[in-house]
Amino acid sequence: MKRVEGKVCIVTGAASGVGREDALLLASEGAKVVLTDLNEEAGRQVAAEIGDNALFVRQDIASEADWQNVIKLTLEKFGRLDVLVNNAAILVLASIEDTSLELWQKVQRINSDGYFLGCKYAIAAMKDSGGGSIINMSSVAALGGLPLFCAYSASKGAVAALTRSIAMHCKQQGYRIRCNSVHPDGINTPMTQALAGGQPIPQEELDKNPMNRMCAPRDIANMVLFLASDESRFVSGSELRIDNAQLIGGVA
């Protein structure tokens, strides 16, 4: 259907996992995609898989200079920016008692500061070109309690609150920029597999259990595609859960 035909999208953390799936699906539906990641080799491979409608840029999302460079290269290559997918993040297993200040600040720097910078510079690029869509990856950890993910939960809570603030700000300013947060529970990616011993788990095996908490990256990418497309033109400031009703029963 080419649901995002001609739209220019930035996807952070696009070298693997959910970001990779987002970039591939958006490109298959007609978008031009700027992929960013610290993993240059894998990121360039995904960009090569997409072809001429892709650009890879190495980026530390917590660096303001890197964000300025990504936006600059996006505008030089494709002339505009329509969609930002703030996807890159780190996941650290540690309760409040096990979390050092250094670890806390590292997680906030990437998961919170990085998203703030992305939103700030995306709005500057979008507001004079007719608007756009910002999609922030949060987590059910922002909405419920995950005791073993203290710093991560707090960072994703900041992302959810930031999203609501931006959505209302852009509405009041008349920018026609929508901003929504996506809240998965588990996602079957290398990052989460590493917490479970590093062994890949076939999705079909997980899906045999109706209580399954681990979705596939494509499940997230499908939501991202909807939010990037004009089909979601009236959706802004929303917290969209992809969790198989887990939050209703408690996320712990």
Side-chain angles (χ1 to χ4, degrees), residues 4 7-74 76-78 81 83-93 106-107 109-111 113-115 117-118 121-122 135-139 152 155-156 159 182 184 186-203 206 214-225 228 242:
V4 285
K7 291 187 183 294
V8 177
C9 308
I10 294 173
V11 181
T12 68
S16 64
V18 172
R20 179 181 187 277
E21 200 70 25
D22 290 344
L24 292 173
L25 183 58
L26 289 166
S28 73
E29 291 288 341
K32 299 171 182 178
V33 185
V34 177
L35 305 89
T36 84
D37 208 291
L38 285 172
N39 187 336
E40 285 193 67
E41 182 179 357
R44 293 190 188 282
Q45 288 175 353
V46 180
E49 189 174 341
I50 294 171
D52 292 341
N53 284 334
L55 170 69
F56 174 78
V57 182
R58 187 182 186 279
Q59 182 192 25
D60 171 3
I61 66 166
S63 164
E64 186 167 20
D66 277 13
W67 267 113
Q68 291 169 329
N69 183 54
V70 167
I71 297 294
K72 174 178 174 289
L73 293 175
T74 298
E76 287 177 354
K77 174 73 173 178
F78 296 122
L81 175 63
V83 177
L84 167 64
V85 184
N86 265 324
N87 167 76
I90 59 172
L91 178 63
V92 180
L93 182 68
K106 177 182 178 180
V107 173
R109 176 179 176 272
I110 296 169
N111 293 4
D113 295 0
Y115 282 39
L117 289 167
Y121 285 102
I135 304 158
N136 289 328
M137 291 301 301
S138 185
S139 168
Y152 177 82
S155 70
K156 291 303 186 179
V159 169
V182 178
I187 313 172
N188 194 12
T189 66
M191 183 169 72
T192 54
Q193 290 165 9
L195 295 177
Q199 293 299 316
I201 308 169
Q203 189 65 40
L206 292 169
M214 194 79 70
C215 72
R218 179 53 66 103
D219 294 317
I220 309 300
N222 285 332
M223 179 67 79
V224 167
L225 174 62
I242 306 178

Notebook entry, point to check: With respect to Leu35, which candidate in Val46, Leu24, Asp22 satisfies the side-chain contact (heavy atoms from CB on, under 4.5 Å) definition?
Noted result: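 Only match with Leu35 under side-chain contact (heavy atoms from CB on, under 4.5 Å): Val46.
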Tell me the closest heavy-atom pair linking [X] and [Y], and the distance in Å.
| X | Y | answer |
| --- | --- | --- |
| Asp60 | Asp66 | N-OD2, 2.8 Å |
| Ile61 | Ile110 | CD1-O, 3.3 Å |
| Trp67 | Asn86 | CZ2-OD1, 3.6 Å |
| Leu117 | Ser63 | CD1-C, 4.0 Å |
| Ser138 | Lys156 | OG-O, 2.9 Å |
| Gly118 | Leu84 | O-CD2, 3.3 Å |

Margin query: Check whether Asn222 reaches the backbone of Asp219 with its side chain - one donor and one acceptor, N or O, closer than 3.5 Å.
Written below: no
Got a second to check how far [X]'s [atom1] is from [Y]'s [atom2], nearest 0.5 Å?
| X | Y | atom1 | atom2 | answer |
| --- | --- | --- | --- | --- |
| Ile242 | Met137 | CD1 | CE | 6.5 Å |
| Leu25 | Cys9 | CG | SG | 10.5 Å |
| Asn111 | Lys106 | CG | NZ | 10.5 Å |
| Arg218 | Leu225 | CZ | CG | 9.0 Å |

Item checked: With Lys72 via side-chain hydrogen bond (donor to acceptor under 3.5 Å, both in side chains) - residues at least two apart -> Glu76
Margin query: I'd like to know whether Tyr152 forms a side-chain contact (heavy atoms from CB on, under 4.5 Å) with Val92, so could you lay out the CA-CA distance, the side-chain angles of the two residues, the decisive distance to 0.1 Å, and finally the verdict.
Written below: CA-CA 7 Å; Tyr152 177 82; Val92 180; 5.9 Å; no
When you compare the side chain of [Y] with that of [X], does any pair of heavy atoms fall below 4.5 Å?
| X | Y | result |
| --- | --- | --- |
| Leu81 | Ile10 | yes |
| Ile220 | Glu21 | no |
| Asn53 | Val33 | no |
| Ile90 | Val107 | yes |
| Phe56 | Gln45 | no |

Checklist line | Criterion side-chain contact (heavy atoms from CB on, under 4.5 Å) on Arg58 and Thr36, from CA distance to verdict | finding: CA-CA 5 Å; Arg58 187 182 186 279; Thr36 84; over 6 Å; no
Note to self: Using the rule given for side-chain contact (heavy atoms from CB on, under 4.5 Å), can you reason through Val224 versus Val11, listing the C-alpha separation, both sets of side-chain angles and the distance that settles it, and then say yes or no?
What the structure shows: CA-CA 10 Å; Val224 167; Val11 181; over 6 Å; no
Next item on the list: Mind checking side-chain contact (heavy atoms from CB on, under 4.5 Å) for Ala15 and listing every partner two or more places apart, or none if nothing turns up?
Entry: Asp37, Asn39, Ala42
Item checked: Test log, rule side-chain contact (heavy atoms from CB on, under 4.5 Å), inputs Leu55 and Phe78 -> CA-CA 9 Å; Leu55 170 69; Phe78 296 122; 4.3 Å; yes
